[in-house]
Every structure is written in C-alpha cells, then in structure tokens.
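Okay, so here's the structure we're looking at.
In this text the structure is predicted, and so the values were computed from the model without any measurement.
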Amino acid sequence: MILYPAIDLKDGNAVRLYKGEMDQATVFNDNPAAQALEFVEAGCEWLHLVDLNGAFAGEPVNAAPVEEILKQCKVPAQLGGGIRDMATIERWLDKGLARVILGTVAVENPDLVREAAKAFPGHVAVGIDARNGRVATKGWAEETDVMVTDLAKSFEDAGVAAIIYTDINRDGAMQGPNVEATADLGNAVSIPVIASGGVSSLDDLRNLKSCGAPLNGAISGRALYDGAIDLAEALKVLKD
C-alpha cells in the first residue's frame, strides 16, 4: 500500500479542515512546497494535493503553490479541487501533475470523466466523498442521493486509475477511518481504492491493510502534521 501525505491548500497555506468545514481550518504550514519537500525527503513516493478554495469556486484557485510543489518535488502528485473541464485537466497534466482527481463532475458530468480517462489513461482518478454512504459534492457543501458504491460501479469500464474514498465525518477528526465502508467499496469494484478521512494512527493503517480488500493506499494529513503518526514507521507498516 502507498502512503499519500495530504497537503490541503486554502488561501495559499497548507491547512487541515475539521469534518470538511472551511471555517474550521488549522494552518500547519504557510509554505506548502517546503511541507511537500519534507514529506518527500522522509521517503514518501506520492503526494496528495487538494485545492480547497478551488473545490468551492469550481475552478483552480491555489495554482501557484501547486505549481511550486510540482517544481520542487520529483515524486508523482495527484490533485483534486475545482477541476471540472477538459481544458483544466489538460493544463494540469501538462504542468507535470501525475493524476487529476475528479469529484463533483463525477456526479454532475460523468461523461467528462469517461472522456478524460480515455484521453489520458492512467492519469484520471475519481474522488468520492461521502456522508453516511451518500455522495457530497462542491467541496462537500452539497449532499446528493447518490450512493457511493453505485457511483463507483458506474465507472468500472471507464479506465479510471483510482477511486479516492473519503468519509467526510471522519476527515480531520482523528477518530480513525471508516474501515468497513472502505473495505466494502474495495471489494465491490475492480478499480484501485485509496482510503481517506480519519487515518490517525499506525493501527489505522494496519487495519486498512488487513481489511480484506485490495486497497491501493491511504491518505493521511492531520496525523502526520500533529506527529500522531510517525512517517517513517507508517511507510514501513504499509510496505511490510
């Protein structure tokens, strides 16, 4: 399994939200590129970036710090937040991003996901963010009646590289991930699933690794910043 350290960008800073609430943001670093470099130098092989302002605005807002991260860090990075048309997808991939994450459009314009996955094989992931099993969109501000598994299954034949599944109620809350729901999703589809939301201890990583589903990796943010998860140990746990 791969450990994806999360760098959530708000107003140019690396922050963490509590349960997806924009007004409950803690700034952990005012230099996101330096933070990214720290993760890479510690041995991380991927970076997970989120443009929080972009998710609400529907277009990239924190492009400058993302570009600086891409310039300074020589490991692949995936980015979500405000990516809702082919031009934006193409622009980010041209700038060296390894993977774009499509969230809101996966619900509102699934044809775009299919078109992008076909045009850029291996470079398009779907972000599925959910409260109580139902998908939320537009920076988690709007809830839909779409069920997580139904949405994931609808992209089985689309050629997407991964599904990033976030349980919003666990995100930033340091209460552990929703292992059961993540495992159910991982077993329901053949697309690689990445767990996100609430990963706050080495035991959480062990539980995800042994959950009975072939997960691709796990995303962790606050726990890495707070020191609740030792990065070197986490990498070891997921590699063993």
Side-chain angles (χ1 to χ4, degrees), residues 1-10 13-22 24-29 32 34-50 52 73 75-78 80 101 103 125 127-133 136 140 148 162-188 192-240:
M1 278 174 69
I2 297 166
L3 179 68
Y4 295 82
I7 298 178
D8 289 2
L9 300 161
K10 180 176 186 273
N13 298 313
V15 308
R16 290 303 288 164
L17 304 185
Y18 178 72
K19 295 187 178 181
E21 298 294 336
M22 281 291 266
Q24 295 199 52
T26 305
V27 176
F28 281 102
N29 201 320
Q35 182 63 63
L37 211 49
E38 210 177 293
F39 286 141
V40 173
E41 286 168 353
C44 290
E45 295 169 359
W46 268 86
L47 294 169
H48 175 77
L49 314 176
V50 182
L52 293 170
C73 301
V75 300
Q78 58 187 21
I101 303 166
I128 300 182
D129 307 326
R131 277 192 190 92
N132 308 317
W140 304 351
V148 169
I163 287 173
I164 291 125
Y165 170 63
T166 305
D167 186 311
I168 297 167
N169 287 332
R170 306 291 183 109
D171 194 73
M174 301 288 283
Q175 292 168 356
N178 190 334
V179 177
E180 192 182 342
T182 306
D184 287 347
L185 182 61
N187 286 319
V193 170
I194 299 169
S196 173
V199 176
S200 52
S201 69
L202 292 175
D203 278 344
D204 289 341
L205 293 173
R206 290 187 188 101
N207 290 339
L208 285 168
K209 198 174 177 199
S210 61
C211 74
L215 302 181
N216 164 273
I219 292 166
S220 184
R222 181 178 288 273
L224 294 176
Y225 294 104
D226 282 350
I229 290 180
D230 178 273
L231 195 46
E233 281 297 311
L235 291 167
K236 201 160 164 269
V237 163
L238 291 184
K239 278 216 167 97
D240 284 350

Is R170 reaching over with its side chain to a backbone N or O of G197, donor-acceptor style, under 3.5 angstrom? no

Residue pair D204 / P177: nearest heavy atoms and the distance that separates them: CG-CD, 3.4 Å

The salt bridge (Lys or Arg N to Asp or Glu O under 4.0 Å) partners of D8 (sequence neighbours excluded) come to R16

Heavy-atom pair with the smallest gap, counting every atom of A183 and A213: O-CB, 3.5 Å

Salt bridge (Lys or Arg N to Asp or Glu O under 4.0 Å) with E180: which residues, sequence neighbours excluded? none

Contacts of type side chain to side chain contact (heavy atoms under 4.5 Å, CB included), residue I2, not counting sequence neighbours: Y4, W46, N216

Shortest non-hydrogen separation from G186 to L215 and the atoms involved: CA-CD2, 4.5 Å

T26 side, atom OG1; R222 side, atom CZ - distance, nearest 0.5 Å: 4.0 Å

Pairs flagged by ring pair (Phe, Tyr, Trp, His ring centres under 6.0 Å) wherever residues 200-223 is involved - sequence neighbours left out: none

Looking only at heavy atoms, the pair that brings P32 and N13 closest together is CG-C, 4.0 Å

CG/L47 to CD1/I219 distance, rounded to the nearest 0.5 angstrom? 11.0 Å

Once ring pair (Phe, Tyr, Trp, His ring centres under 6.0 Å) is applied, do any residues pair with F39, and if so which ones, sequence neighbours excluded? Y225

Test salt bridge (Lys or Arg N to Asp or Glu O under 4.0 Å) applied to D230 - qualifying residues, sequence neighbours left out: none

How long is the straight-line distance from CG of L238 back to CD of E233, given to the nearest 0.5 Å? 11.0 Å

Are any of the side-chain heavy atoms of C44 and L231 separated by less than 4.5 Å? yes

Nearest 0.5 Å, what's the OG1-CD1 distance between T182 and I163? 12.0 Å

CD1 of I229 to CG of L235, rounded to nearest 0.5 Å, is 10.5 Å

Residue pair L208 / A218: nearest heavy atoms and the distance that separates them: CD1-CB, 4.0 Å

M1 versus G217, closest heavy-atom pair with distance: CE-C, 3.8 Å

Find the distance between CD1 (I128) and OG1 (T166) and round it off to the nearest 0.5 Å. 9.5 Å

Before you tell me yes or no, could you show the steps for I101 and L49 under side chain to side chain contact (heavy atoms under 4.5 Å, CB included), namely the whole-Å CA-CA distance, both residues' side-chain angles and the distance that decides it to 0.1 Å? CA-CA 9 Å; I101 303 166; L49 314 176; over 6 Å; no

Starting from the C-alpha separation in whole Å, work towards a yes-or-no answer on side chain to side chain contact (heavy atoms under 4.5 Å, CB included) for I194 and H48. CA-CA 11 Å; I194 299 169; H48 175 77; over 6 Å; no

Is there a side-chain contact between N169 and N178 in this structure, where contact means two heavy atoms from C-beta onward sitting under 4.5 Å apart? no

Counting distance only, does the side-chain N/O of S220 pair as donor-acceptor with the main-chain N or O of V199 below 3.5 Å? yes

